[in-house]
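Quick note on labels: first sequence line is chain A, next is B, and so on, each numbered from 1. Only this structure's heavy atoms are used, side chains among them; waters, hydrogens and symmetry mates stay out.
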Amino acid sequence: MCSYITEKTAIYGSAKGADGWSSVSSAQVYFDHPYHAALDHALSIDFMTADATRKIAVEMSAESARALVASILAALESGEEAHG
Amino acid sequence: MSYRGMVADIVSFKGFHGDTGEAYYARPAGKGPFPGVVLIHHMPGWDDWSMEATRKLAHHGFAAIAPHLYFRHGPGTPDDLAAKARAAGGASDAEVVGDVKGAMEFLRAQPEGNGKVGVIGFCSGGRHTFLAACQLEGVNAAVNCWGGNVVVDDAAQLSPLRPVAPIDLTEGLKAPLLGLFGNDDKNPSPEHVNKLEAKLKSLGKNYEFHRYDGAGHGFFAAERTNYRVEQANDGWQKTYAFFHKHLG
């Protein structure tokens, strides 16, 4: 079923789309039917600018999403340790 | 009977609150008269598959229109507008039903139309189809393809945008209803379909449900892993026959 459940989080950073770099201020994350990926359901992340325009979109399998979460946490841990 | 020649284009229609939106309109070549069908896309938006399904209906003799339910968030690509709509909590039920009403009026104003109009929708669009058929005058037939959340398990799921469980509006249903469901679906689950069927039966409504073994959610989508060729082919045939019977 199409899901209206969307997790939103404020972020500070930038994203590069087809028109170059710009600031992004939020991400909306949801597990729903994808627009493009050949999956029944996909973990989707929209990185949004302050005026709620989507800058970057990704859709991936649940397995990929969990691996990505682990990679982000591992990179943060090792990077923060390396940079003191 | 199938129609090999076809005309398909983007058109304008007047939706909820008189807002002007765009829609994809496909109909067989020729003068008609052709029965009309409004196709309601699912939550991810006015995508290629929705347009393909609209053309499929035209190929089988219907003047079919798929309104872009997120046009108010434009301009932008359909998928980006779906993201904007999602950020806003999704289109409200009142807005979608109003847009379906506008699309029905568009069809009835076309010289090639025969004056009859059906509604079909998939997933959240199946839910919207049920809502439209319960709330609008002039729906001559409705096809709910695996619409979830018609039965609301937890009242906390209701919101100002979606304030009523559609099943609670069943009394208002005037059109014959065809329902297509996969028995492996989780929303609507077979239990949800049972509840909806019991409600329809208790109110003496004209309905026809088909439940497919070996199919889950969205089994018409040929580009997705949930596609089930035999069940999808059968579902499409039942859809054409149902619409021709009630709209012809």
Side-chain angles (χ1 to χ4, degrees), chain A residues 1-69 72, chain B residues 40-50 73-92 121-128 146-151 157-159 161-162 182 184-189 192 216-219 221-228:
Chain A
M1 171 58 190
C2 303
S3 171
Y4 293 101
I5 301 169
T6 302
E7 303 292 335
K8 292 182 188 176
T9 184
I11 58 174
Y12 177 80
S14 296
K16 187 180 181 184
D19 55 348
W21 285 96
S22 58
S23 297
V24 287
S25 59
S26 66
Q28 55 181 11
V29 184
Y30 46 98
F31 191 59
D32 198 358
H33 304 309
Y35 196 90
H36 183 271
L39 295 163
D40 182 37
H41 292 93
L43 189 287
S44 301
I45 308 172
D46 298 327
F47 292 98
M48 315 287 281
T49 61
D51 65 351
T53 297
R54 186 167 70 176
K55 183 71 180 175
I56 295 283
V58 291
E59 300 173 334
M60 67 193 87
S61 68
E63 186 182 39
S64 304
R66 290 194 170 94
L68 179 62
V69 168
I72 290 171
Chain B
I40 309 176
H41 64 70
H42 65 163
M43 192 171 174
W46 199 46
D47 57 7
D48 288 353
W49 188 86
S50 302
H73 296 278
T77 62
D79 58 317
D80 283 343
L81 299 195
K84 274 194 170 182
R86 183 179 290 276
S92 73
F122 308 87
C123 192
S124 59
R127 178 182 172 280
H128 289 139
W146 48 92
N149 296 338
V150 171
V151 176
Q157 293 173 350
L158 300 175
S159 68
L161 294 175
R162 285 166 285 281
D184 297 335
D185 201 339
K186 290 178 182 164
N187 190 2
S189 67
H192 291 139
H217 194 78
F219 58 91
E223 76 283 20
R224 299 277 190 264
T225 50
N226 251 23
Y227 181 57
R228 295 293 179 271

Do you know which of B:K84, B:R162, B:E223, B:R86 has the most heavy-atom pairs under 4.5 Å to chain A? B:R86

Tightest non-hydrogen contact, residues A:Y35 and B:P78, listed as OH-CB, 3.6 Å

Any idea which heavy atoms bring A:H33 and B:C123 closest together, and the distance? NE2-SG, 3.3 Å

Suppose we screen for side-chain hydrogen bond (donor to acceptor under 3.5 Å, both in side chains). Which residues come up paired with B:H192, at least two apart in sequence or across chains? B:D153, B:S189

Compare every heavy atom of B:A87 with every heavy atom of A:M48, then report the nearest pair and how far apart it is. CE-CB, 4.1 Å

Contact listing (chain B partner; residues 52-69 of chain A; heavy atom under 4.5 Å): A:A52, A:T53, A:R54

Any idea which heavy atoms bring A:D46 and B:A83 closest together, and the distance? OD2-CB, 3.5 Å

Pair B:H217, A:H41: side-chain N/O donor-acceptor within cut-off below 3.5 Å: no

Under the side-chain hydrogen bond (donor to acceptor under 3.5 Å, both in side chains) test, residues paired with A:D40 that sit two or more places apart: B:N226

Under the side-chain contact (heavy atoms from CB on, under 4.5 Å) test, residues paired with B:R224 that sit two or more places apart: A:P34, B:A221

